[in-house]
Amino acid sequence: MEHEGSWAKKPNSRLESAVVMADLRQRVLETVREDIYTSRLAPGERLDESQVMVRTGVSRSVVHQAVRDLSEQGWLTSVGDGCVVCVPSPEEAAEIDEVRRALEEVMVRRFVVQASDSQLRALHSAMITFEDLAELPPDPAALMWARDNFYGLLLRAAGVMATLEVLVKLRARIIVLMCASLCLPGRARAAATEMRELYEALADRDAERAVRASSTHLDRSYEAGFQALNAMRTPEGGQAQE
């Protein structure tokens with residue numbers, strides 16, 4: 001006979017089911033994001049949900065949920081009865097850029113005023129990690145992780161975590177642009193130099209120089225990203241087809 005109250009020790013099947021579903025959805029999210037990072041899913045390419053099902057071993061309903069999440073986050077764009085990898089137009093990138101600049105200027109200025117020495121050391125470590133990765137063959141996923149870690153530390157030290165959700169959504173809308181830029185020969189090293197310039201300005205507590213360094217990094221990232229995307233659209237490096 002069961003002891004009174006033993007029901008409380010039994011697993012909550014509904015909760016377990018929810019956890020399993022969340023894990024499966026996360027598997028799909030990570031798979032599709034990785035494909036976008038590495039250009040296995042090219043800019044503007046339609047996502048094949050059946051192929052995602054085979055690769056991840058999850059049901060169509062879970063894939064649908066994950067695709068909806070990716071669309072809401074800005075990684076994918078709905079087209080007809082499916083989704084394609086989001087590719088920002090120059091006009092959209094300019095609009096996103098304007099918002100990012102405003103947010104990042106606030107972040108940089110607040111970091112200069114209130115970041116502790118330990119937070120500055122953590123930022124230095126994150127910068128070194130990016131520099132080390134930049135010396136290796138291009139790995140957009142690893143480079144983006146390192147870059148996000150650098151900027152995440154900036155946000156936390158600046159005490160503006162309320163802007164994180166906004167920045168994450170903006171980042172997703174231009175992720176193809178950012179990944180493409182890091183695949184250009186020499187771009188990862190150049191980005192590392194730009195991030196070092198930003199770090200050194202922050203370490204000197206020079207807000208104006210830090211704002212300029214942050215702006216320069218964004219400018220060059222966007223420029224390289226569109227250069228890389230245009231090259232992808234140009235057959236064998238020749239003139240783009242009409």
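If you're wondering where the values come from, they're calculated on a predicted model, not measured in any experiment.
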Approximate separation, where rounding is to 0.5 Å, of Glu194 CD and Ser214 OG: 10.5 Å
Salt-bridge criterion met for Arg212 and Glu208 (N-O under 4.0 Å): no
Any donor-acceptor N/O pair, Arg205 side chain to Val112 backbone, under 3.5 Å: yes
Backbone N/O of Asp23 and side chain of Gln26: donor-acceptor pair under 3.5 Å: no
Interatomic spacing from CD in Glu30 to CG in Asp35 - rounded to 0.5 Å: 12.0 Å
Donor-acceptor contact below 3.5 Å, side chain Thr56 vs main chain Val52: yes
Any Leu70 side-chain heavy atom under 4.5 Å of Arg33 side chain: yes
Atom pair CD1/CD of Ile174 and Glu95 - distance to nearest 0.5 Å: 12.0 Å
Closest non-hydrogen atom pair between Cys183 and Pro140, with its separation: SG-CG, 3.3 Å
Non-hydrogen side-chain atoms of Ile128 and Tyr199 separated by less than 4.5 Å: no
Where Val28 and Val62 come nearest, the two heavy atoms and their spacing: CG2-CG1, 4.4 Å
Check: Arg25/His64 side-chain N/O donor and acceptor closer than 3.5 Å: no
Asp148 vs Met144 side-chain heavy atoms within contact, under 4.5 Å: yes
Side chain proximity check, Ile36 to Ile175, heavy atoms < 4.5 angstrom: yes
Within-4.5 Å side-chain heavy-atom neighbours: Thr129 and Asp132: no
Atom pair OG/CG of Ser221 and Leu182 - distance to nearest 0.5 Å: 7.0 Å
Side-chain donor-acceptor contact under 3.5 Å, Arg101 with Ser215: yes
Any donor-acceptor N/O pair, Gln114 side chain to Ala158 backbone, under 3.5 Å: yes
Atom pair CZ/CG of Phe150 and Leu155 - distance to nearest 0.5 Å: 11.0 Å
Pairwise side-chain contact, Val84 with Leu47, heavy-atom cut-off 4.5 Å (strictly under): no
Worked verdict on Met53 versus Ser59 for side-chain contact (heavy atoms from CB on, under 4.5 Å): CA-CA 6 Å; Met53 290 170 56; Ser59 67; 6.0 Å; no
From CA spacing to verdict: side-chain contact (heavy atoms from CB on, under 4.5 Å), Arg147, His217: CA-CA 12 Å; Arg147 186 182 183 280; His217 178 56; 3.1 Å; yes
From CA spacing to verdict: side-chain contact (heavy atoms from CB on, under 4.5 Å), Cys86, Leu76: CA-CA 5 Å; Cys86 184; Leu76 302 172; 5.9 Å; no
Heavy-atom donor-acceptor pair, Ser125 side chain to Arg121 backbone, under 3.5 Å: no
Reported CZ-to-OG1 distance for the pair Arg220 and Thr193, which is rounded to 0.5 angstrom: 9.5 Å
Beyond-backbone contact of Tyr37 with Glu34, side-chain heavy atoms, under 4.5 angstrom: yes
Test log, rule side-chain contact (heavy atoms from CB on, under 4.5 Å), inputs Val32 and Trp75: CA-CA 9 Å; Val32 176; Trp75 293 76; over 6 Å; no
Expected output: side-chain Asp48 to main-chain Ser50 donor-acceptor under 3.5 Å: yes
Side chains of Gln227 and Arg187, donor plus acceptor under 3.5 Å: no
Donor-acceptor side-chain pairing of Ser116 and Gln119 below 3.5 angstrom: yes
Residue pair Pro43 / Val176: nearest heavy atoms and the distance that separates them: CG-CG1, 3.4 Å
Donor-acceptor contact below 3.5 Å, side chain Asn230 vs main chain Phe226: yes
